[in-house]
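Inspection log for the structure reproduced underneath, given as structure tokens.
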Amino acid sequence: DVKVTQSSRYLVKRTGEKVFLECVQDMDHENMFWYRQDPGLGLRLIYFSYDVKMKEKGDIPEGYSVSREKKERFSLILESASTNQTSMYLCASKTGGATNEKLFFGSGTQLSVL
Amino acid sequence: QKEVEQNSGPLSVPEGAIASLNCTYSDRGSQSFFWYRQYSGKSPELIMFIYSNGDKEDGRFTAQLNKASQYVSLLIRDSQPSDSATYLCASLMRAQKLVFGQGTRLTINP
């Protein structure tokens, strides 16, 4: 069974802390994505990666960075967490190239910044 | 202009009727379009994808794509209470960037 695993389901952090959200996929997928989901705003793309060590900014990259040192792992970093980064974070992966390959999602991390 | 736009709803449809969900996109270079369903507290799951103009049917679901109008829709026939969920439209843009709309909340009334 295919799997995208996010390290934490719930996370509580304090303002100013450095936060790491980890995502691992076991499907040898080229493409990995980080989204945040807020009520009424849908899924907003933060960053994505189409290869190891490659990253592209999504629509809302401010306040975030990413790391992809290995193909299976894509980390989202909040350099200095702020309350407006309280959200559900979803990691996803898919194969590259083909236009009809579906996205596999992790179960999400609900982050609360106090 | 948002890259993918949906009416956030809520959309309320009686059981057994046809539910119609709409989506527009701004980038003419977009290659493929996806409809995901998301139940409360769960991750999105893929219902259908479409990349050619016209209609694509799968069971009770029909996806429609009109590239000239930059418009994608999803029809759900014989709506069931279990279809109540948020429906997310997504566009695969250039360089593998996959962008979602804000989602439409659908409620099927028994």
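Below, each value reflects all heavy atoms present in this structure, side chains not excepted, and no hydrogens, waters or symmetry copies. The sequence lines fix the lettering, A, B, ..., with proteins before strands; numbering per chain opens at 1.
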Checklist outcome for this item: Turns out that what part of B/Glu45 lies under 4.5 Å from chain A's heavy atoms comes down to neither
Checklist entry - Is chain A contacted by the side chain of B/Gln6, its backbone, both, or neither, given a heavy-atom distance below 4.5 Å? => result neither
Checklist entry - With respect to chain A, which residue among B/Gly101, B/Ser43, B/Gly103 yields the maximal number of heavy-atom pairs within a distance under 4.5 Å? => result B/Ser43
Item to check | Residue part contacting chain B, namely of A/Gln37, when any heavy atom lies under 4.5 Å | outcome: side chain
Next on the checklist: Salt bridge check, A/Asp51 against A/Arg68: does any charged N sit closer than 4.0 Å to a carboxylate O?
Outcome noted: no
Checklist entry - When you check the gap from the basic side-chain N to the acidic O, do B/Glu3 and B/Lys97 get nearer than 4.0 Å? => result yes
Next on the checklist: Ring-plane angle category for A/Tyr35 and B/Phe100, please: parallel below 30°, perpendicular beyond 60°, tilted otherwise.
Outcome noted: perpendicular
Checklist entry - Is A/Lys57 paired with A/Glu62 through a side-chain N to carboxylate O contact shorter than 4.0 Å? => result no
Item to check | A/Leu41 portion near chain B, given a 4.5 angstrom heavy-atom threshold | outcome: backbone
Checklist entry - Given a strict heavy-atom distance threshold of 4.5 Å, which part of B/Ile50 is in contact with chain A: side chain, backbone, both, or neither? => result neither
Checklist outcome for this item: Ranking A/Gly108, A/Gly42, A/Ala92, A/Gly58 by heavy-atom pairs under 4.5 Å to chain B gives rank one to A/Gly42
Next on the checklist: Under 4.0 Å between a side-chain nitrogen and a carboxylate oxygen: does that hold for B/Lys2 and A/Asp59?
Outcome noted: no
Checklist entry - Just by distance, do the side chain of B/Thr24 and the backbone of B/Gln70 share a donor-acceptor pair under 3.5 Å? => result no
